[in-house]
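Note sheet for the following structure.
Chain naming here is simple, since letters A, B, ... match the order of the sequence lines and numbering starts at 1 in each.
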4 protein chains.
Amino acid sequence: MPEEKRANAAKKVAAPRRQARGERRIAQLLEAAAGVFCRSGYAAASTNSIAREAGVSPGTLYQFFPNKEAIAVELGGRLLERANEMHGQAFLPENLDRPLPELLDAVLDPLIEFQCENPAFWALMHGSGVPGITQEHQTLHAGMLARVESVLRSFRPDATPAEVHLTANVILGIFKSSMDLILASEGEERAAYVTELKTVLRRYLEPMVTTPPTTR
Amino acid sequence: MPEEKRANAAKKVAAPRRQARGERRIAQLLEAAAGVFCRSGYAAASTNSIAREAGVSPGTLYQFFPNKEAIAVELGGRLLERANEMHGQAFLPENLDRPLPELLDAVLDPLIEFQCENPAFWALMHGSGVPGITQEHQTLHAGMLARVESVLRSFRPDATPAEVHLTANVILGIFKSSMDLILASEGEERAAYVTELKTVLRRYLEPMVTTPPTTR
Amino acid sequence: MPEEKRANAAKKVAAPRRQARGERRIAQLLEAAAGVFCRSGYAAASTNSIAREAGVSPGTLYQFFPNKEAIAVELGGRLLERANEMHGQAFLPENLDRPLPELLDAVLDPLIEFQCENPAFWALMHGSGVPGITQEHQTLHAGMLARVESVLRSFRPDATPAEVHLTANVILGIFKSSMDLILASEGEERAAYVTELKTVLRRYLEPMVTTPPTTR
Amino acid sequence: MPEEKRANAAKKVAAPRRQARGERRIAQLLEAAAGVFCRSGYAAASTNSIAREAGVSPGTLYQFFPNKEAIAVELGGRLLERANEMHGQAFLPENLDRPLPELLDAVLDPLIEFQCENPAFWALMHGSGVPGITQEHQTLHAGMLARVESVLRSFRPDATPAEVHLTANVILGIFKSSMDLILASEGEERAAYVTELKTVLRRYLEPMVTTPPTTR
DNA sequence: GATGAATGAGGATTCATTCAT
DNA sequence: TATGAATGAATCCTCATTCAT
């Protein structure tokens, strides 16, 4: 979204002081929201408790976010952005050219590390597949989905969009359920679950991505 | 007191009628609760909406259940019972004595069918945050885990308990995340997710269970 | 209320069996009510809990009493009646001719004993003088007031009704506040409070009732 | 961050305004609560009715008080404070150094006046059944008891502590029961009850405090 | 008469959101 | 901008009372 970036840049020039303070407030609020969402989940989190955690009044919160959902969406978006920045290199073309095991290492390791360090991200993503899903979760999910789909497409340019979508969802599901196990364990057990996640994905994806032309 | 005796005798006949009505109401309320929990999740479901869905007044609901949690616990308990029966059928020895693909079909199909017919089960067990339900969830999880571990052990008698436990958890995780996708979709898409779940598990497990050629 | 007595008598003749059973039920319910009122007070007592304590259904309770208040009124009335019967002799003319100290002994001792044995009576009488008083308390209070006023009138036939009413209320107030102390204490302390109650009343009433010999 | 510093400075000026508004609301709510408690008693008083009486929404009430009990406790606490001040004045040494009738006037008149002007105090302290209030009631009672005992001791230095305690409790009981009558009446009737209270106490105490050696 | 299910208005409390200052 | 008071609909739950059997 380059237009938005430019818009932000423009604002930054127009009113730097105020903008800076606003940004700080937003960051402060989002950090508080991350903590509260993480502790109580999205539904049980109250806007007042977020404001209190941030050390501001509820009115201030609503100066920056139109409603509770927007907080979750923005928080998810930022975490997603940070995630992307953090291991953006993982999705670079040069990584996608490697054999699957290395690709999985390259992509998953920073992703897992990020998740472990940002449990709020996880709290937000939860329940994504359940009917009655809320919009913000969809947004977050869609972001990750798009990334995975993009990788898949580059590996299987001949697959239909539906196939790609399907596979990406399955991959994400496996990733999420493994993250549950990873986050719930520690030390060697955690490492074992990480290994196992890669094993599952490797075995699942190998027949798809290693495409000996003759076999196909 | 001959009148009272006779009255009691009459009661003995009349009581079942009334008790039967109560049982029917309870079933009716639980069915309504299943629907509402399914649509809105536990937290967002209001007792009034459950009563309305059941076509009774809120007071009636509270004649049979002391509070909202009790409804969920009772519903969960009943579904749990039915689920266990299903699992018993699915994990019949004759089903486990087959090649992996057929085993997966035999075990997963009834499980999936049950879940699809009782979507409330899924909605309830998923992170309600309520102690009573969480406990049921753990019971359910432990039960499934034990069954899966038992199957795994029969296939890989040489594996350590820790390995078995690990693998079983991964399998369950994959199953759960796939159920999310299955329940969230319909028709062909749902069928595709079912197929994909089996594919994932087959590819993951094949190298483990495919014992040396000679044995086979 | 002689008409009512006759009505009861008539009923007793007309349908002895049923009437007897009804009376038993009523007694059962009132006993239960006494217990519950005593434990929780009138306001906090629920009709359902009274019915439960009596071992009957709420519907049955409403077969004999039109509403909660009627239970309290009837219970108070019966206790009052029993109190009157118990020490009816205390109010006989021959007792009223005695010197005040003996009169106080004769009247108060059985009254106090009765109160100690029927704490429900007390629970019902409580809060009688407070603005916002409820009707049933008024009824009970009025009964005792009438008795005291009657005694007072016989001692001071020249006093105006207003004076008699005033004095009777003060006497009742002193009696009630002393009963609080008496019921809250035991053994010697209780006996001391009883003595003190009599002292207070004696000193208060002596100048009123001990009229100069000539007047008599 | 100079802006924030200035903002804070501004806040220092603005805050009292807002805080003042809050204080006013609290006073307003407590006054409304006093009225409602007085009319209906604690149990029958609804928070909504208190809010309505105060002319605010129920939510506003809960911005200042966590629950219904807290309102009563705070109200009771404030009245208790004022009552203690009153008592301090009433029990001034110069008042206690007089003949009994004048002493009774000096002590009782301000007490009665205070109670009449704060009828909620009475309504609250009387058997609300709520722990917080019961405790305040005990505090109040203990305070008054101590004062009365102190007066009694100065009049009868030879009495045992137990005797003093006994008499003080009886006096307080008489005072309380008379307050019930006083508060429930108006105009001349009220005045008559006040007079009667003093008469009762005078006749009760005279033989104790006026100790002509010969009489004894 | 007896039962217990049924009712529904009402009560305490919460919370996303708005508003005056 | 920031504040925190204000709102009011919605929630869970209770209980006096009625009704079908």
Q. How do B/G59 and B/Y42 order along DNA chain F: which one's closest nucleotide is nearer the 5' end?
A.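 Its nearest nucleotide lies further toward 5', so the answer is B/Y42.
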**Q.** Which nucleotide in F/dA5, E/dT13, E/dT17 has an atom nearest any side-chain atom of D/F64
**A.**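 Closest nucleotide to the D/F64 side chain: F/dA5.
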Q) Among F/dG8, F/dC13, F/dT3, which is the nearest nucleotide to the side chain of B/Y62? A)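 Closest nucleotide among those given: F/dC13.
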Does [X] have a side-chain nitrogen or oxygen under 4.0 Å from the phosphate oxygens OP1 or OP2 of [N]?
| X | N | result |
| --- | --- | --- |
| D/R21 | F/dG4 | no |
| D/S57 | F/dT7 | yes |
| C/T47 | F/dA16 | yes |
| C/R25 | E/dA2 | yes |

Distance, rounded to the nearest Å, where [X] contributes [atom1] and [N] contributes [atom2]:
| X | N | atom1 | atom2 | result |
| --- | --- | --- | --- | --- |
| A/Q63 | E/dA16 | CD | C1' | 16 Å |
| D/K68 | E/dG11 | NZ | C1' | 8 Å |
| A/N48 | E/dT13 | CG | P | 18 Å |
| D/I50 | E/dT13 | CD1 | P | 10 Å |
| B/R52 | E/dA9 | CZ | P | 14 Å |
| D/L29 | E/dT13 | CG | P | 14 Å |
| D/I26 | F/dG4 | CD1 | P | 14 Å |
| D/F37 | E/dG11 | CZ | C1' | 14 Å |

Q | D/E31 with D/R24: basic N within carboxylate O range, under 4.0 Å | A |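 Judged by the 4.0 Å cut-off on N to carboxylate O distance, D/E31 and D/R24 do not form a salt bridge.
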Q) Salt-bridged, C/R78 to C/E23, with N to O below 4.0 Å? A)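 Yes, C/R78 and C/E23 are salt-bridged.
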Q) Where the side chain of C/T60 meets the backbone of C/V56, is there a donor-acceptor pair that is under 3.5 Å apart? A)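 Here the side-chain-to-backbone pair does not exist.
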**Q.** C/S49 side chain to C/S46 backbone, donor-acceptor under 3.5 Å
**A.**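 Checked: pair present.
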Categorize [X] for me: base, sugar-phosphate, or nothing, with a 4.0 angstrom heavy-atom threshold over every strand shown.
| X | value |
| --- | --- |
| C/T60 | base |
| D/A51 | nothing |
| D/A43 | nothing |
| A/A44 | nothing |

Q.
Distance check, rounded to the nearest 0.5 Å: B/I50 atom CD1 versus B/I71 atom CD1?
A.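 Taking CD1 in B/I50 and CD1 in B/I71, the distance rounds to 4.5 Å.
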Q. Want to settle it: does D/P58 or C/L61 sit nearer the 5' end of DNA chain E, counting the closest nucleotide to each?
A.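 The residue mapped nearer the 5' terminus is C/L61.
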Q. Do D/K68's NZ or CZ and the ring of D/Y42 fall within the cation-pi criteria of under 6.0 Å and 45°?
A.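 That pair qualifies as a cation-pi contact.
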Q: Could you please name the partner base of F/dA20, counting Watson-Crick and G-U wobble pairs only when both distances are under 3.5 Å?
A: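 Looking at the geometry, F/dA20 pairs with E/dT3.
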Q. Applying a 3.5 Å limit to both distances, which nucleotide forms a Watson-Crick or G-U wobble pair with F/dC15?
A.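 The answer is E/dG8, by the H-bond criterion.
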